[in-house]
Trainee: 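Please see the structure below; I have some questions.
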Number of protein chains: 2
Amino acid sequence: MILVGERINGMFRDVGRAIASVDPHPIQEWAQRQEAAGADYLDLNCGPAAEDPIKAMRWLVDTVQAVSSLPLCLDSTNYDVIEAGLERCKRPALINSCPAERPKIERVFPMAKRFGAKVIGLTMDKKGIPKDADSRTALAMEIVAAADEFGVPLEDLWIDPLILPVNVAQDHVVEVLETIRRVKTLSSPPPKTVVGLSNVSQKTVNRSLLDRTFMVMAMAAGLDGAICNVCDEELMNSVATARILLNQDVYADSYLKVFRKRQ
Amino acid sequence: MILVGERINGMFRDVGRAIASVDPHPIQEWAQRQEAAGADYLDLNCGPAAEDPIKAMRWLVDTVQAVSSLPLCLDSTNYDVIEAGLERCKRPALINSCPAERPKIERVFPMAKRFGAKVIGLTMDKKGIPKDADSRTALAMEIVAAADEFGVPLEDLWIDPLILPVNVAQDHVVEVLETIRRVKTLSSPPPKTVVGLSNVSQKTVNRSLLDRTFMVMAMAAGLDGAICNVCDEELMNSVATARILLNQDVYADSYLKVFRKRQ
């Protein structure tokens, strides 16, 4: 599992304040905490409130790279913001994200190619997010074709089947699991699959329990990565245990400790 | 999910002692505790140490039926013991279990038919438990054919794909998950699927964590039931949460409480 730490996002009040006041300390603390907790990537999102998001993204990238050598996941719907971040990244980054919409594909994929970046492609288009696995998979196929067209290696393409809050779209969950399974059949090598995990539990009461239960299901369906709360210890224990059951790590009585140390 | 309480088994020291000393109280306490915790069935197993297992099974059935109206799951490799129990059962029972071996099939299925009992069929034969899902599914098909031959309704057939301890047979787990998926395609209506959950964590350190993580994966694969520790609250919370995510219960913020009350 490739784990992307979700916490450096302007939607969180402490991070939003740090961005507004250009205070590096809370950002760097979250970078180090998430790295210590086992993150493989760090997501960076200026949030909707940033006055000058291009400047904010540049600052976020520099601020995080000063204390962490993890690769970054640049998270914005404004591609000029992502491009500004890519120019500062020392390591190949992950672009979060691109829907199956032609003008956006034409903006994102050549940029990914130019910077050697990876791309998260979303199973949605102008009409929104379809419910069924068939339609989600069809949109994933459009993104796979785009990667091929623009010369982005399929190993660098991550498909996000877009899990929605279970209290809003309960009937989508099984469709997302089925999409994760099917995306693996779209190409050889197949694209990776990734979810924005915390989305499943938005505005619910048992967030961690819902997150880790869905995570285990998605891993059994073949999920490769998640943008998630890597500081949630019970989630990390569930990931370690799922890896053992799926025979992705060798069992030892100390497997939880081994997982934590290796991460 | 149909939950079978595993606790009235002579392998547990307190139950073994109660059987040996013909003391109904520990047995009846476990019956009531498991019923309160949400069991749909109660498994009864005299254990290997019972001196007269036929007498012990009759006593267990009577003792439990005096305090609980739950249907029973009669658990023995000695079919005379199971028959003795079936003669006492007030409600249709579950026979635990029958492998895909001809003489045993010929003993168990006519008995099931006679008593209106359900049968747990194991994906094993004289050669043992095969590793791969293909072979497990082939054995399941033999049991489906036997149910058809002896007139046991397919709704009353439960296939157990035999999960083994993860510290012994780690590569079997994904095969068991795939078998659960495939068994659903064998007939119409399909047989039910069931696992002896605690087996996956035998002699491991993190038993509850392994149990509930495997349970969630198996439920996502379509599992219908489990013989398990229904008094493990974290397991029950995982079951309730998996049901929500799989759209089997309607989401409410209070879903954990609702699940516990209904069970």
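So you know, we letter chains A, B, ... as the sequences are listed, proteins then strands, and number each from 1. Bear in mind the structure is a predicted one, so any value in this text is a computation, not a measurement.
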Trainee: Which atom names give the shortest non-hydrogen contact between A:Ala37 and A:Met236, and what distance separates them?
Mentor: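 Scanning both residues, the minimum pair turns out to be O-CE, 3.0 Å.
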Trainee: Which heavy atom of A:Pro190 sits nearest to which heavy atom of A:Val183, and what is that distance?
Mentor: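 Heavy atoms only, the tightest pair is CB-O, 4.4 Å.
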Trainee: Among A:Val250, A:Val166, A:Leu209, A:Val200, who wins on heavy-atom pairs under 4.5 Å with chain B?
Mentor: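 Ranked by contacts with chain B, first place is A:Leu209.
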Trainee: Given the options B:Leu245, B:Val173, B:Leu256, which has more heavy-atom pairs under 4.5 Å with chain A than any of the others?
Mentor: B:Leu245
Trainee: If you take all heavy atoms of A:Leu157 and A:Ala147, which pair is closest and at what distance?
Mentor: CD2-CB, 3.9 Å
Trainee: Identify the two heavy atoms, one from B:Ile120 and one from B:Cys73, that lie closest to each other, and give their separation to 0.1 Å.
Mentor: CD1-SG, 4.4 Å
Trainee: Can you tell which part of A:Leu177 gets under 4.5 Å to a heavy atom of chain B, answering side chain, backbone, both or neither?
Mentor: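 Contact with chain B is through the side chain of A:Leu177 alone.
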Trainee: If a pair satisfies ring pair (Phe, Tyr, Trp, His ring centres under 6.0 Å) and one of its residues is in residues 127-147 of chain A, list it, with sequence neighbours excluded.
Mentor: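 Applying ring pair (Phe, Tyr, Trp, His ring centres under 6.0 Å) to every pair that reaches into residues 127-147 of chain A, excluding sequence neighbours, yields nothing.
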Trainee: Please find the pair of heavy atoms, one from A:Gly222 and one from A:Ile180, that lie closest to each other, and give the distance.
Mentor: C-CG2, 3.9 Å
Trainee: For a quick check, list the donor-acceptor atom pairs closer than 3.5 Å between chain B and chain A, or say none.
Mentor:
from, atom 1, to, atom 2, distance (Å)
B:Gln170, OE1, A:Tyr251, N, 3.0
B:Gln170, NE2, A:Ile244, O, 2.9
B:Gln170, NE2, A:Asp249, O, 2.5
B:Ile244, O, A:Gln170, NE2, 2.9
B:Asp249, O, A:Gln170, NE2, 2.5
B:Tyr251, N, A:Gln170, OE1, 3.0

Trainee: Please report the interatomic distance CG(B:Leu72) to CD1(B:Ile95), rounded to the nearest 0.5 Å.
Mentor: 12.5 Å
